[in-house]
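Every number for a ligand or one of its atoms is a count from 1 in the order of the listing. Only a predicted model underlies this, so the values are computations on that prediction, with no experimental measurement involved.
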Amino acid sequence: MTQTNAAVRTITVIRGDGIGPEIMDAALYVLDAMNVGLQYEEADAGLAALEKHGELLPAATMDSIRRNRVALKSPLTTPVGEGFSSINVELRKRFDLYANVRPAKSFPNTKSRFPTGVDLITVRENTEGAYIGEGQMTSEDGMTATLTQKVTRKGSERIVRYAFDLARSTGRKKVTVVHKANILKSTSGLFLKVAREVAAQYPEIQCNEMIVDNTCMQLVMRPEQFDIIVTTNLFGDIISDLCAGLVGGLGLAPGANIGADAAIFEAVHGSAPDIAGKGVANPCALLLAVGQMLDHLGKPDDASRLRAAIIATLEAKDSLTPDLGGEGNTMSFAKAIASRI
Ligand code: NAI
Ligand code: MG
């Protein structure tokens, strides 16, 4: 779904929890400086919505995303263990945002293990598998916990196809199918079988298969061998944080949740309660997600302009946040980026 030619386009903006409002202010500051003809419709979700409206995902928020088809979202807090289920997962399910697309790229001056050589995209299935927590139950005596893990042919086929189409449209050469079919014969087995069928339809793109635990080791040792990774939901969740770690941390890792009728752009990281309210969160992850959103909106030149301004600011070490070893803050970093737009 790519839209073009709209003079003014409205997007839904969700400011989120924890560091969410701080990084959203910074991201919108830069977006405003770019003057790309977007206007914002604010909507609440998560803890902020619970406080204001008494519910985690108000109908008005669902309507806004349905209408605008594109949302920029800050992280939402999900308490660990008992309590309400994740609103992030709920949004992905309700809008059938089946593809979670997470690029990891080496940037200058990031204190990362790999200051050069990493340029890969994790394409994660976003609607099924163990991650969505279907059938979660603990026995009455509290001794046994279970969950249903379901993988479908439809879910596997559309995500693998998405990964190969992405390779085609972006000129990437290789897709690595990551699985655990040696042990999880039914679920991961079906995913791998379908992936092989789809791969055969893209003869010009190299395809290899890798078991998930080995993939983690390979990513740390030789990340340059990867181009596009496609995998199931839970593996993709873990692998994409690992990839973020390779290139300098979660402050630099963006993600897009794409479906046929809507798309939600966000940082990979969460609400970072440990630094919330201090004004020091790195706004780059959300800004790089803005870049993905501009691509999606049919504005690739603006997306490139934004990425170039981020890279130039990192190169100049101008007002970087503490996670990157700088002494700047969220807003000074954003202003330094905006001044290079
Ligand atoms: P987290 O990603 O919020 O934080 C992990 C570590 O990275 C912390 O030390 C944090 O300070 C640091 N960090 C994260 N973003 C940063 C940034 N922009 N700049 C500088 N440092 C940054 O993960 P955590 O603590 O496991 O989760 C906190 C909450 O966020 C949980 O409730 C979790 O469910 C939620 N979450 C929400 C997501 C979403 O809305 N898509 C994604 C991941 C987690
Ligand atoms: Mg995660």
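Counted by atom type alone, Y40 and D32 present one or more donor-acceptor pairs between their side chains at under 3.5 Å. T77 and S271 share a donor-acceptor pair across their side chains, judged by distance under 3.5 Å alone. Neither side chain, T10 nor E41, offers a donor N or O lying under 3.5 Å from an acceptor on the other. Side chains of K73 and N88: a donor on one and an acceptor on the other come within 3.5 Å. T122 and S240 share no donor-acceptor pair across their side chains, judged by distance under 3.5 Å alone. T152 and E128 share a donor-acceptor pair across their side chains, judged by distance under 3.5 Å alone.
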Open item on the list: Quick one, F265 with H296, criterion ring pair (Phe, Tyr, Trp, His ring centres under 6.0 Å). Give me CA distance, side-chain angles, the key distance, then yes/no.
Closed with: CA-CA 10 Å; F265 298 85; H296 180 81; 5.4 Å; yes
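Between H269 and I23 there is a side-chain heavy-atom pair separated by less than 4.5 Å. With contacts defined as side-chain heavy-atom distances shorter than 4.5 Å, the pair N208/M210 qualifies. You'll find the side chain of L72 reaches within 4.5 Å of the side chain of M24, heavy atoms only.
Distances from atom 22 (C) of ligand 1 to the heavy atoms of N282, L324, I275 show the closest one on I275. Across the listed options K278, R92, H269, H269 owns the non-hydrogen atom lying nearest to atom 14 (C) of ligand 1.
Using a cut-off of 2.8 Å, one finds that D241 contributes no N/O/S atom close to the Mg ion (ligand 2).
Atoms of ligand 1 found under 4.0 Å from any heavy atom of L250, numbered from 1 in the order shown, are 2 (O), 5 (C), 7 (O). For ligand 1, the atoms closer than 4.0 angstrom to any heavy atom of V268 are 42 (C), 43 (C). Within ligand 1, the atoms closer than 4.0 Å to a non-hydrogen atom of A272 are 3 (O), 10 (C), 11 (O), 14 (C), numbered from 1 in the order shown. Taking every heavy atom of K73 and a limit of under 4.0 angstrom, the matching atoms of ligand 1 come to 40 (O), 41 (N). Atoms of ligand 1 found under 4.0 Å from any heavy atom of A281 (numbered from 1 in listed order, with element): 19 (N). Taking a cut-off of under 4.0 Å to the non-hydrogen atoms of E266, the atoms of ligand 1 that pass are 41 (N). Distances below 4.0 Å separate heavy atoms of N88 from the following atoms of ligand 1: 37 (C), 38 (C), 39 (C), 40 (O), 41 (N). Near P273, meaning under 4.0 Å from one of its heavy atoms, ligand 1 places the atoms 28 (C).
At under 3.5 Å, not a single nitrogen or oxygen of D323, backbone or side chain, sits near a nitrogen or oxygen of ligand 1. Between P75 and ligand 1, no N or O atom pair is found at a separation short of 3.5 Å. Any N or O atom pair closer than 3.5 Å counts here, and I19 shares no such pair with ligand 1.
Within the 4.0 Å heavy-atom criterion, the part of D274 lying near ligand 1 is the side chain and not the backbone.
At least one heavy atom of S271 sits under 4.0 Å from some atom of ligand 1. The shell of residues lying under 4.0 angstrom from ligand 1, judged by heavy atoms, excludes I23.
Within D237, OD1 is the N, O or S atom that lies nearest to the Mg ion (ligand 2).
A cation-pi arrangement is present between R124 and Y131, with the terminal nitrogen or guanidinium carbon under 6.0 Å from the aromatic centre and inside a 45° cone about the axis.
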